[in-house]
Each structure stands twice: as C-alpha cells, then as structure tokens.
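Heads up, the thing below is written out as structure tokens.
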Amino acid sequence: MDAHGVMTLMAVGGGLAVLLWVLAKIGRALAGLAEMLAALAVVGMVLWGLARAVGWVVRQLVAHWRTCLTLVAAWAWCRWLGGLSLLVTLVVLGLVQLVWWRLDAVGYDQWCGRWLRSWWLRWALYDRKLPGWLTACGLVVRDASVPVDVTVSLVGRRRGRNTIARSQERSVAVPALLSVRSGASWDEVRVRLVPGQKPEDFDDGARALAVARKVTRCQIRELEPDVVSIDFMRRDLLASPVACLPVPDLVAVDGTGVDLRAVFAGSTEYGKPWRLPLVGTGAHTLVAGATGSGKNSVMWCPLVAAASAIRAGLMRVSGIDPKAMELSYGRGIFARYGQSGQEAVQVLDALLDELGKRKREFAGHTRQVPISTDYPVELLEFDEIGALTKYTDRKTRDAIVEKVAILTTQGRALGFTVRGYVQEPTKDTVPVRELLPRRIAMRLTSKTQVPMVLGDGAYERGAWANRIPESAAGVGYVWGEGIREPLRVRAGWVPDHTIKQLEHYVTNGGAQVISLADRRTGEGRSA
C-alpha cells in the first residue's frame with residue numbers, strides 16, 4: 001500500500017474514533033438526563049401522593065372534627081391513665097346518659113342525644129349507604145365518555161374495593177355528603193350537588209329515596225343553589241290526634257292577647273305549632289279534602305284559638321252552611337248565618353254592605369283599616385262551597401260567585417277574610433279557586449287533585465295528599481307564601497263539647513262587648 005492509502009486509512013480511523021468518543025459523551029449525558037428525569041418523576045409522585053394524603057387527612061379533620069377530638073382525647077386518656085380507666089369512664093358515662101334519658105327524655109335529646117345520634121347515623125348509615133342510594137335513584141352524573149353498561153359493569157365487579165372506587169370515581173360523580181343533623185323525628189342530610197344537577201332532580205327522586213331509606217316520607221329542601229337537605233322522617237309526630245287550645249275562662253277580656261295574623265291551628269310534622277292568619281296577607285283560604293278528611297278541624301280550631309277576640313268584638317264571624325250540619329252546631333258564634341242559596345246571598349250582601357261602608361269611611365285616609373270593635377275582622381266560613389258555586393240554579397250560582405269574588409279581591413286591606421271548604425277542588429266546582437291564595441290539601445281521592453289544590457309540582461315535592469290514610473283525619477299539606485316545599489300538618493281536633501263551650505263563652509257568661517241579640521237584629525242575620 002502506498003503512502004496515500006495509509007494516510008487515508010489513518011484519517012478514516014481517526015474520524016471514527018472521534019465520532020465514537022462524541023457518541024460516548026452524548027450517551028453518558030443522555031443517561032444522566034434520564035436518571036435525573038426518573039428521579040424527578042419519583043420525587044413528584046411521592047410529593048403528589050403526600051399532598052393527596054395530607055388533603056384527605058385535612059378533609060377528614062374538617063368534616064369529622066368531633067370524632068377526631070374524641071379519638072385524641074381517648075388516646076390521651078389511655079396514655080396517661082391507662083385503658084382500664086377509659087373503659088370504666090365509658091361505662092359510667094353510659095349509665096349517666098341512660099338515667100338522664102329516663103328522667104328527662106326531652107332535655108336529654110336537646111342537649112346530648114341528637115348530637116350522638118347525628119354522629120352515629122353519619123358514620124354507621126349515611127356515609128356508607130347514601131352514595132349507593134343516590135346511584136340507584138339516578139341522582140348522580142355519569143361521564144358521557146363511558147357507556148352506561150360499561151359503568152355499571154365496572155361498579156358491579158367485586159375484585160376489590162380499590163378497583164371499584166377508582167371505577168366509580170372515573171365514571172360517576174356522586175353528590176358529596178356535607179353534614180347530618182338528627183332531630184327527634186327527622187334526619188337532615190345535607191349534600192352538595194355536582195355540576196349538571198339541580199334541586200328539582202332531587203324533588204323527583206324523593207319518593208325513591210324514602211323507599212331506599214325505608215321511611216314513609218322524604219322531604220327535599222333547597223338551602224343554597226348547589227346544596228340541598230334530604231330530610232328523612234324516622235318517626236311520625238302526626239300519628240296521634242292534635243288537641244286544640246282550651247276555651248278561655250269566662251272572664252272579661254279585650255281580645256288583644258290573640259294575634260289574628262298567626263292563630264293556632266294544629267301541629268306541623270316537625271313538632272312545631274301550625275298557625276294560620278285570619279286577617280291580612282294570605283288569609284283567604286281554600287281547604288280541599290274528601291269526606292271525613294278533617295276539613296272541619298281546620299275550621300273550628302282557629303276559631304277556638306281566637307275565642308277571646310270574637311267575644312271582645314275584634315272579630316265577627318259569618319257562616320254559610322249548605323248541609324246545615326257543621327256550622328249549625330255552634331250557630332251562636334255567627335253574626336250572620338245562612339243555609340240555602342238565597343240565605344247565602346243575603347249573608348254576602350250584608351258583608352258587601354259593610355265593605356262599601358268601610359270604603360267610603362277610609363278611602364284616601366289609610367291603606368289598611370285598623371282593627372277595632374267598630375271595625376272588626378269580618379271572617380266568612382263557607383262550608384261546602386262547591387254546593388252553591390256549582391250545584392245550584394244558575395242565577396243563584398252566578399250571584400254567589402260574583403259576591404265572593406268581590407270579597408276576596410277587595411277585602412284584604414278592609415279586614416275581610418273568606419275561608420272555603422270543598423270536596424271536589426276542580427275549577428268548575430270552585431270558580432274562585434285562584435282568588436284564595438292559601439291552600440290546604442287534606443286527604444284527596446286521586447293524585448291528579450293534588451296540583452289542583454297546591455299547584456304544579458306539589459306532588460313531586462312531597463305533597464302526597466292522596467296517600468293520607470282515612471284514619472288520619474285532620475292531616476294535610478299546606479303550601480303558602482314563602483314556602484317552597486309542601487309542609488305536612490295536622491289540624492287540632494275540636495270535639496263537640498268544646499264547640500258548645502266556645503258558643504257559651506262567646507254569647508254568655510257576662511260578656512259585655514258583644515250582644516248577640518243586637519247582632520242578630522241589627523245586622524240582618526238570616527235564619
């Protein structure tokens with residue numbers, strides 16, 4: 001080989017050597033970079049897992065701070081005094097609570113029992129079962145990218161808790177449980193809605209949730225735009241009849257102790273007094289219910305509660321009684337009374353005369369007539385209103401409908417109130433139904449009658465008036481102003497002897513403010 005070939009080989013070899021050296025340097029650099037990236041990835045995963053763990057601990061501490069404090073206190077007790085002393089302490093506390101509960105059940109539940117019950121129900125029941133109930137009732141939001149059948153199969157597998165949890169988290173968004181409050185008869189379970197849900201979805205699922213919880217009633221309340229309270233009724237406080245207030249003693253009274261804007265009428269399903277207005281905004285009332293549903297309890301209980309105002313002359317009651325059975329039993333308290341269609345027209349004419357008189361007296365001077373013995377509240381009790389607004393001759397029917405319409409549209413500010421009672425709540429039967437803003441639905445014969453009384457959506461929100469048993473006379477649902485959810489109530493039962501006591505109290509016993517004889521002759525009371 002000549003010198004030129006040798007030089008060429010040496011040049012090629014040198015170039016290859018340099019190339020190999022460069023590649024080795026690059027390889028070592030890439031290896032170091034790969035090691036660094038791997039180390040960073042491991043550190044990132046550790047930090048991410050640590051952050052998730054810390055976040056979970058913080059959320060548990062915030063959500064269950066009472067339980068956490070209890071566990072810390074128990075650990076500290078065992079640490080300092082030993083486990084045996086903790087056991088003895090728990091036994092003593094249990095005995096103290098048992099004695100307290102036996103001696104004063106109401107006080108125990110108010111100060112201790114409801115807290116313990118809320119804690120126990122959250123941990124033992126709602127934390128474990130509520131997600132499953134919501135999923136079964138369709139109150140979750142599914143990932144649109146995962147088919148429903150695939151989601152169900154993933155959730156339904158039993159390969160392990162972690163697999164199921166990851167599948168659920170990936171495909172289904174379940175409302176978060178915020179808190180549990182347990183009262184004497186109700187559990188209030190507050191949840192936060194997930195994007196894509198609205199409170200009306202839970203209204204539609206209330207019946208299914210009640211079945212899942214194995215209770216007879218479930219009520220949905222909207223607390224915030226994205227927070228609802230699912231209320232489960234554990235115990236029915238309206239299972240037993242509610243007593244009306246006693247008739248006052250026969251002493252001279254002025255009636256000022258009665259608030260006619262909130263008169264006792266019975267009890268609510270939450271154990272609180274149910275009150276109705278007999279004057280002012282929302283006083284015009286329509287009570288609908290089948291025969292034997294307890295409509296007359298709604299009539300008499302407020303009258304008993306307002307007995308002193310009637311006797312003192314601050315409220316004057318008129319009655320229209322087509323079947324001549326209910327109001328006639330306490331006829332003495334009614335300043336005007338009618339049974340037939342013509343007598344009803346006379347009663348309404350007398351009320352309209354008084355209405356016109358007050359218009360002329362107060363027009364331009366005040367926007368609200370002051371209640372006094374000179375200008376008392378004029379309350380009209382119209383029993384079986386459908387009998388005279390539909391089932392009578394056309395001339396009388398038209399006259400009655402026209403006069404009732406005038407009273408309901410013009411009477412509020414002038415101190416006039418109309419309360420009607422009907423069995424068939426259709427628009428044809430009660431043409432003035434929309435002029436009676438406060439509605440009370442007692443036991444109804446069909447589901448379709450519920451929206452006729454309480455409006456659209458009432459049944460979906462829990463007003464199951466068609467499911468009230470015949471044995472629960474006086475139980476009904478109300479949906480008044482400012483109430484989004486129907487409220488279940490029971491009117492106070494007024495026995496026959498109490499009605500006679502009321503009549504005697506109003507008309508006799510030394511009452512000086514009202515003279516029943518003068519009322520009968522001076523105001524044209526119908527016989």
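FYI, side chains are in, hydrogens and waters are out, and symmetry mates aren't considered; it's all heavy atoms of this structure.
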Shortest non-hydrogen separation from Ala305 to Phe264 and the atoms involved:
CB-O, 3.6 Å
Ignoring hydrogens and angles, state whether a donor on the side chain of Thr445 or Gln449 is under 3.5 Å from an acceptor on the partner side chain.
yes
Quick one: are Ile440 and Leu286 in side-chain contact, heavy atoms under 4.5 Å?
no
Should Glu434 and Arg439 be marked as a salt bridge (charged side-chain N to carboxylate O under 4.0 Å, His left out) after you check the CA-CA gap, both sets of side-chain angles, and the distance that decides it?
CA-CA 10 Å; Glu434 300 303 324; Arg439 312 287 184 80; 3.4 Å; yes
Return yes if some donor-acceptor pair links the side-chain N/O of Asp201 with the main-chain N/O of Lys198 below 3.5 Å, else return no.
yes
For the side chain of Arg117 and the backbone of Gly183, is there at least one donor-acceptor N/O pair under 3.5 Å apart?
yes
Do other residues, nucleotides or ligands put more than 12 heavy atoms under 6.0 Å from Asp456 CG?
no
Roughly how far apart are His284 NE2 and Thr417 OG1, rounded to 0.5 Å?
6.0 Å
Can you see whether Lys295 engages Gln423 through a side-chain donor-acceptor pair at a distance of less than 3.5 angstrom?
no
Would you call Asp383 and Ile320 a side-chain contact if the rule is heavy atoms closer than 4.5 Å?
no
Would you mind reporting whether Leu223 and Val228 have side-chain heavy atoms less than 4.5 Å apart?
no
Is there a donor-acceptor contact under 3.5 Å from the side chain of Asp321 to the main chain of Met325?
yes
Cationic N near anionic O, under 4.0 Å, Glu402 to Arg397:
no
Residues in salt bridge (charged side-chain N to carboxylate O under 4.0 Å, His left out) with Asp203, at least two apart?
Arg461, Arg484
When you compare the side chain of Tyr375 with that of Glu361, does any pair of heavy atoms fall below 4.5 Å?
yes
With Asp204, which residues qualify under salt bridge (charged side-chain N to carboxylate O under 4.0 Å, His left out), at least two apart?
none
Donor-acceptor check, side chain of Arg234 to backbone of Ala184, threshold 3.5 angstrom: yes or no?
yes
Please check this pair: side chain of Thr429 against backbone of Pro425, looking for a donor-acceptor N/O pair closer than 3.5 Å.
no
Using 4.0 Å as the upper bound for N to carboxylate O, is an ion pair formed by Asp398 and Arg394?
yes
OG1 (Thr392) and NZ (Lys390) are apart, to the nearest 0.5 Å, by 13.0 Å
What's the verdict on side chain to side chain contact (heavy atoms under 4.5 Å, CB included) for Met452 and Arg433, showing C-alpha distance, side-chain angles and the deciding distance?
CA-CA 9 Å; Met452 294 180 188; Arg433 187 179 66 186; 3.6 Å; yes
Side chain to side chain, Met299 and Val287, heavy atoms closer than 4.5 Å:
no
Just by distance, do the side chain of Thr498 and the backbone of Val494 share a donor-acceptor pair under 3.5 Å?
no
Counting C-beta onward and ignoring hydrogens, is there a side-chain heavy-atom pair between Leu178 and Val191 closer than 4.5 Å?
no
Just checking Glu470: does its CD atom have more than 12 heavy atoms from other residues, nucleotides or ligands closer to it than 6.0 angstrom?
no
Minimum heavy-atom separation for Leu355 and Ile406, please, with both atom names.
CD2-CG2, 4.0 Å
Nearest heavy-atom approach of Leu351 to Phe416 is O-CE2, 3.4 Å
Given the rule in the side chain to side chain contact (heavy atoms under 4.5 Å, CB included) test, do Ser318 and Leu379 qualify, once you have shown the distances and angles that lead to the verdict?
CA-CA 6 Å; Ser318 301; Leu379 174 63; over 6 Å; no
Gln219 side chain to Arg221 side chain, donor-acceptor N/O pair below 3.5 angstrom:
no
Modelled atom types, side-chain donor and acceptor of Asn466 and Ser446, under 3.5 Å
no
Is there a donor-acceptor contact under 3.5 Å linking the side chains of Tyr391 and Glu424?
yes
Hey, could you give me the OH/CH2 distance between Tyr329 and Trp300, rounded to the nearest 0.5 Å?
10.0 Å
Do the side chain of Gln410 and the main chain of Leu407 share a donor and acceptor less than 3.5 angstrom apart?
no
Taking atom NZ as the centre, does Lys500 end up with more than 12 heavy-atom neighbours from other residues, nucleotides or ligands that are less than 6.0 angstrom away?
yes
Could you report the tightest heavy-atom contact between Ile468 and Gly476, atom names first, then the distance?
CD1-CA, 4.0 Å
Between Glu326 and Asn296, a side-chain donor and acceptor under 3.5 Å
yes
Roughly how far apart are Arg217 CZ and Phe232 CZ, rounded to 0.5 Å?
12.5 Å
Do we see a donor-acceptor contact under 3.5 Å between the side chains of Tyr421 and Arg419?
yes
Polar side chain donor-acceptor pair, Ser185 to Arg235, under 3.5 angstrom:
no
Lys427 atom NZ, over 12 foreign heavy atoms within 6.0 Å
yes
Does some side-chain heavy atom of Trp464 sit less than 4.5 Å from a side-chain heavy atom of Pro486?
no
Would Leu352 and Lys403 count as a side chain to side chain contact (heavy atoms under 4.5 Å, CB included) if you check the C-alpha gap in whole Å, the side-chain angles of each, and the deciding distance to 0.1 Å?
CA-CA 8 Å; Leu352 291 178; Lys403 297 176 188 301; 3.6 Å; yes
For Arg213 and Tyr126, does a side-chain donor sit closer than 3.5 Å to a side-chain acceptor?
yes
On a heavy-atom basis, which atom in Leu238 and which in Val475 lie closest, and how many Å separate them?
O-CG2, 4.3 Å
Please give me the minimum heavy-atom distance between Leu260 and Ala306, naming the atom from each residue.
CD2-CB, 4.0 Å
Given the ring of Tyr505, does Arg311 sit roughly above its face, with NZ or CZ under 6.0 Å from the centre of the six-membered ring and within 45° of the axis?
yes
When you measure from the side chain of Thr135 to the backbone of Pro131, do you find a donor-acceptor pair of N or O atoms at a distance under 3.5 Å?
yes
Given 3.5 Å as the limit, does a donor-acceptor pair link the side chain of Gln197 with the main chain of Leu139, or not?
yes
Backbone N/O of Gly341 and side chain of Thr396: donor-acceptor pair under 3.5 Å
no
Just wondering, more than 12 heavy atoms not from Lys323 lying within 6.0 Å of its NZ?
yes
Have Asp231 and Ser229 got a donor and an acceptor in their side chains that come within less than 3.5 Å?
yes
May I have the step-by-step check of side chain to side chain contact (heavy atoms under 4.5 Å, CB included) for Val453 and Leu444, ending in yes or no?
CA-CA 10 Å; Val453 182; Leu444 299 174; 4.2 Å; yes
As an exercise, state the distance from CD of Glu269 to CG of Leu487, rounded to the nearest 0.5 Å.
5.5 Å
Compare all side-chain heavy atoms of Arg192 with those of Pro175 and state whether any distance is below 4.5 angstrom.
no
Could you give the distance from OG1 (Thr507) to CZ (Arg331), rounded to the nearest 0.5 Å?
13.0 Å
